[in-house]
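Comments concern the structure below.
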There are 2 protein chains.
Amino acid sequence: MSRRSGILEFAVLGLLRESPMHGYELRKRLNTSLGVFRAFSYGSLYPCLKALVQQGRLIEEPGNTSEDAVPLSGRRGRIVYRLTAEGKEHFEELLAQTGPDAWEDEHFGIRFAFFGQTSRDVRVRVLEGRRSRLEERLAKMRASLSRTRERLDDYTLELQRHGMESVEREVRWLTELIESERAGRDRRTDAPEERQSEETGGQPRHQGGNPPDPSEETT
Amino acid sequence: MSRRSGILEFAVLGLLRESPMHGYELRKRLNTSLGVFRAFSYGSLYPCLKALVQQGRLIEEPGNTSEDAVPLSGRRGRIVYRLTAEGKEHFEELLAQTGPDAWEDEHFGIRFAFFGQTSRDVRVRVLEGRRSRLEERLAKMRASLSRTRERLDDYTLELQRHGMESVEREVRWLTELIESERAGRDRRTDAPEERQSEETGGQPRHQGGNPPDPSEETT
DNA sequence: TTCGTCATGTAATGGGTTACATGATTAC
DNA sequence: GTAATCATGTAACCCATTACATGACGAA
């Protein structure tokens, strides 16, 4: 019950995979690192966490994360959430999915944000999917502009012009990204299995234990 | 009951002010002219229309819009909606509002789309509101980038970089628009009341009676 | 006669927000 | 001792979507 699909679950699992956190902090990260697009509220976050616990993807642990300073007497309850093995597995399945959802406006951003944990071929597929999605949209916009009836006033026109430019810009951006993904050795359907190491610089995941500084609210 | 505020109502009133239409056509216009951003479905449109009728802002009229060709036997029911005097008044009130909602992502686009029917000072206020909203956002992004802890991987970084560029681009766009609005004579809080005529070319509103061509689905 | 498009509608659901309630801890 | 921030949670609502049901009409 309560499918709890959607973007939030994905983001939560992704962030918790990097390191365990409690809800309050999780929400902040959601609205800074990833939150350029969306801002989540506690009203959605906590129920989501609960559901994930019930599904066995997360476990709750009592407070004091790892900070030896300020050790016990952690503020009130302070429940730290950690991914279970099952949760990890589930997240990896989600990462591997390249369904048409992956390149819709809302999903794409969050997918991209976790590209660091995504295999190269999935990355490329998502980028290409996104690009062709946008190209469809462009075609439609151009068609609608050339339809001379349906006369729009100057403002509507300006709005569409600006919109189209934005989309074109994103297409160029995607093209660059795709090329640079391919540049990392890959003649397409040849090599038995890529070794991935220097491609993105291989940033270390899971450094575990965040600095004791909570940093301020986004307001 | 059923507040029915939101964006849809605004768009519906705005489109119907330009000329009466039936639901099906309305929806198409929603998804082409204005729909660069949002796509509405019948499931929201029809209930909205009904509510507006109940509130006395719209009246339903039976079929055959004004097309002398294909005169009677119009496809099934075909209910044409027309703004009442009260509806018109209500829409004008909405147009005049410059509450902080007006420059949020979702609202701004639709507000802009009806700038043709908006007075210049409101236009400027909305544009400026939007711009300072985006500038706030930029400041926040820059702050979060300079916070060196909170180390993000390359992809997250790239995403934020691209996001910031997009926002900066929109800010420049807004600035140009604001300047060109001001260029239309206006030394700010001086002139008793502007006469508006040549500012946007004064496109004729309300040409009344749309062409008999329904134009195709956006699919 | 069947298919595609036009055309209208409803019930169930979805995925989130707002506002509220609670309380501990820290800084002044 | 009081205000701000940290921290967790719930209930009520919002605004829309999906899937479905219905049916007329024109063209192949």
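Just so we're on the same page: letters track the sequence lines, and every chain starts at 1.
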**Request:** Name the closest nucleotide to the A:Phe40 side chain, picking from C:dG9, C:dG16, D:dG9.
**Result:** C:dG16
**Nearest-nucleotide pick for B:His22, side chain only, options being C:dA7, C:dG16, D:dA16** = C:dA7
**Prompt:** Starting at CG of B:Leu45 and ending at P of D:dC15, how long is that distance when rounded to a whole Å?
**Reply:** 16 Å
**Request:** Not counting sequence neighbours, which residues clear ring pair (Phe, Tyr, Trp, His ring centres under 6.0 Å) with B:His107? List them please.
**Result:** none
**Item:** B:Met21 CE to C:dA7 P, straight-line distance once rounded to whole Å
**Value:** 13 Å
**A:Ile110 CD1 - C:dG16 C1' separation (whole Å)** = 14 Å
**Asked** B:Leu49 has an atom CG; how far is it from atom P of C:dG9, in whole Å?
**Response** 8 Å
**Request:** To the nearest Å, give me how far apart CG (B:Leu58) and P (C:dT8) are.
**Result:** 13 Å
**Message:** Measure CG/B:Asp101 against P/D:dC14 and give the value in whole Å, please.
**Reply:** 14 Å
**Prompt:** Do the side chains of B:Asp153 and B:Leu157 get nearer than 4.5 Å, heavy atoms only?
**Reply:** no
**Request:** Report yes or no: is the cationic atom of A:Arg27 (NZ for Lys, CZ for Arg) closer than 6.0 Å to the six-membered ring centre of A:Phe40, at no more than 45° off its axis?
**Result:** no
**Message:** Does B:Gly23 reach a base, just sugar-phosphate, or nothing at all? Heavy atoms under 4.0 Å.
**Reply:** sugar-phosphate
**Asked** Any idea which of D:dA16, D:dT8, C:dT5 is nearest the A:Ile79 side chain?
**Response** D:dT8
**Item:** B:Glu168: which of B:Arg142, B:Arg137, B:Arg161 passes salt bridge (Lys or Arg N to Asp or Glu O under 4.0 Å)
**Value:** B:Arg142
**Prompt:** Closest to the B:Ser44 side chain: C:dT10, D:dT17, D:dT8?
**Reply:** D:dT17
**Asked** Considering only side-chain heavy atoms of A:Ile7, which listed nucleotide, C:dG16, D:dT18, D:dA16, is closest?
**Response** C:dG16
**Message:** Nearest to the side chain of A:Ser41, heavy atoms from C-beta on, is which of C:dG16, D:dA7, C:dT17?
**Reply:** C:dT17
**Asked** Has B:Lys50 got a side-chain N or O lying under 4.0 Å from the OP1 or OP2 atom of C:dT10?
**Response** yes
**Request:** Could you check which of C:dG9, D:dC6, D:dA16 has an atom nearest any side-chain atom of B:Tyr42?
**Result:** C:dG9
**Item:** Protein-nucleotide distance (B:Tyr46, atom OH; C:dC6, atom P), rounded to Å
**Value:** 12 Å
**Request:** Send over the distance from A:Leu8 CG to C:dG14 C1', rounded to a whole Å.
**Result:** 13 Å
**Request:** Name all pairs fulfilling the ring-ring contact (aromatic ring centres under 6.0 Å, His included) condition that reach into residues 113-136 of chain A, sequence neighbours left out, sorted by first residue then second.
**Result:** A:Phe10-A:Phe114, A:Phe91-A:Phe114, A:Phe112-A:Phe115, A:Phe115-B:Tyr155
